[in-house]
Trainee: 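My structure is below; once you've seen it, I'll send some questions.
As a basis for the values below, the full set of heavy atoms in this structure was taken, side chains included, without hydrogen atoms, waters or symmetry mates. Residue numbers run from 1 in the order of the sequence given.
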Amino acid sequence: MRTGIFVGSFDPFTIGHDSIVRRALPLFDRLVIGVVGDNVQKPSLRPAEERMEKIRQLYAAEPAIEVKPYYGLAVDFARAEGARFIVKGVRSAKDFEYEREQADINRQITNGEVETLLLYAEPHLSSVSSTMIRELQHFGLDVSQFLP
């Protein structure tokens, strides 16, 4: 069984994230969406269970998708799930460089057991980010167009 993981804080889960999931799904028999349970860089995250429940509802009719919390390194989560692939979305050159470095390190620390698959954002979604959505929400704007 070919298993991939798609990990992130998903606070909130955006139409950009949904695009990556839907485009990655045909590549795998099983796709596990790993929701960060602890993130020292983002201490104000909504509770993981709240974020996971929204994603579970979105993919309730898709048996190949599982939603689980994860703690620690993505490669450790991948190993625990029997996944050989980490799926990541890339919106810009800045994202690409960050993800390239992460992929290189992950490949080194797993001796090549875990590979990273980068999917480029669809052009009309390249400016959509969870950070942007949280900022718009803070100022009282309706962000429903950015949420699946």
Trainee: How close do A74 and I5 get, counting heavy atoms only, and between which atoms?
Mentor: O-CD1, 3.6 Å

Trainee: Any donor and acceptor pair, going by atom type alone, linking the side chain of R30 with main-chain N or O of E66 inside 3.5 Å?
Mentor: no

Trainee: Can you name the closest pair of heavy atoms from S9 and V35 and give their distance?
Mentor: O-CG1, 4.1 Å

Trainee: Any side-chain donor-acceptor pair under 3.5 Å between Y120 and D95?
Mentor: no

Trainee: Is the number of heavy atoms from other residues, nucleotides or ligands under 6.0 Å of Q137 CD greater than 12?
Mentor: yes

Trainee: Are V87 and L25 co-members of a hydrophobic cluster defined by side-chain heavy atoms under 4.5 Å apart?
Mentor: yes

Trainee: Side chain of R79, backbone of E113: donor and acceptor closer than 3.5 Å?
Mentor: no

Trainee: Answer yes or no: is there a donor N or O on one side and an acceptor on the other, between the side chain of T14 and the main chain of L147, under 3.5 Å?
Mentor: no

Trainee: Do other residues, nucleotides or ligands put more than 12 heavy atoms under 6.0 Å from the NZ atom of K54?
Mentor: no

Trainee: Should R91 and E99 count as an ion pair when the cut-off is N to O under 4.0 Å?
Mentor: no

Trainee: Answer with yes or no whether the hydrophobic clustering places V114 together with Y70; edges join I, L, V, M, F, W, Y residues whose side-chain heavy atoms lie under 4.5 Å apart.
Mentor: yes

Trainee: Please list, chain by chain and in numerical order, all residues satisfying ring-ring contact (aromatic ring centres under 6.0 Å, His included) with F85, sequence neighbours excluded.
Mentor: F28

Trainee: So, the side chain of R46 versus the backbone of D11: is there a donor-acceptor pair under 3.5 Å, distance only?
Mentor: no

Trainee: Would you say M132 ends up clustered with F10 if hydrophobic residues are merged whenever their side chains have heavy atoms under 4.5 Å apart, either directly or through other cluster members?
Mentor: no

Trainee: Could you state whether V36 and I86 fall into the same hydrophobic cluster, counting links through intermediate Ile, Leu, Val, Met, Phe, Trp or Tyr residues with side-chain heavy atoms under 4.5 angstrom apart?
Mentor: yes

Trainee: Give the minimum heavy-atom separation between L58 and P148, together with the two atoms involved.
Mentor: CD2-CG, 3.6 Å

Trainee: So that I can tick it off, tell me whether E115 and R84 are bridged by a salt bridge, with the cut-off set at under 4.0 angstrom between side-chain N and carboxylate O.
Mentor: no

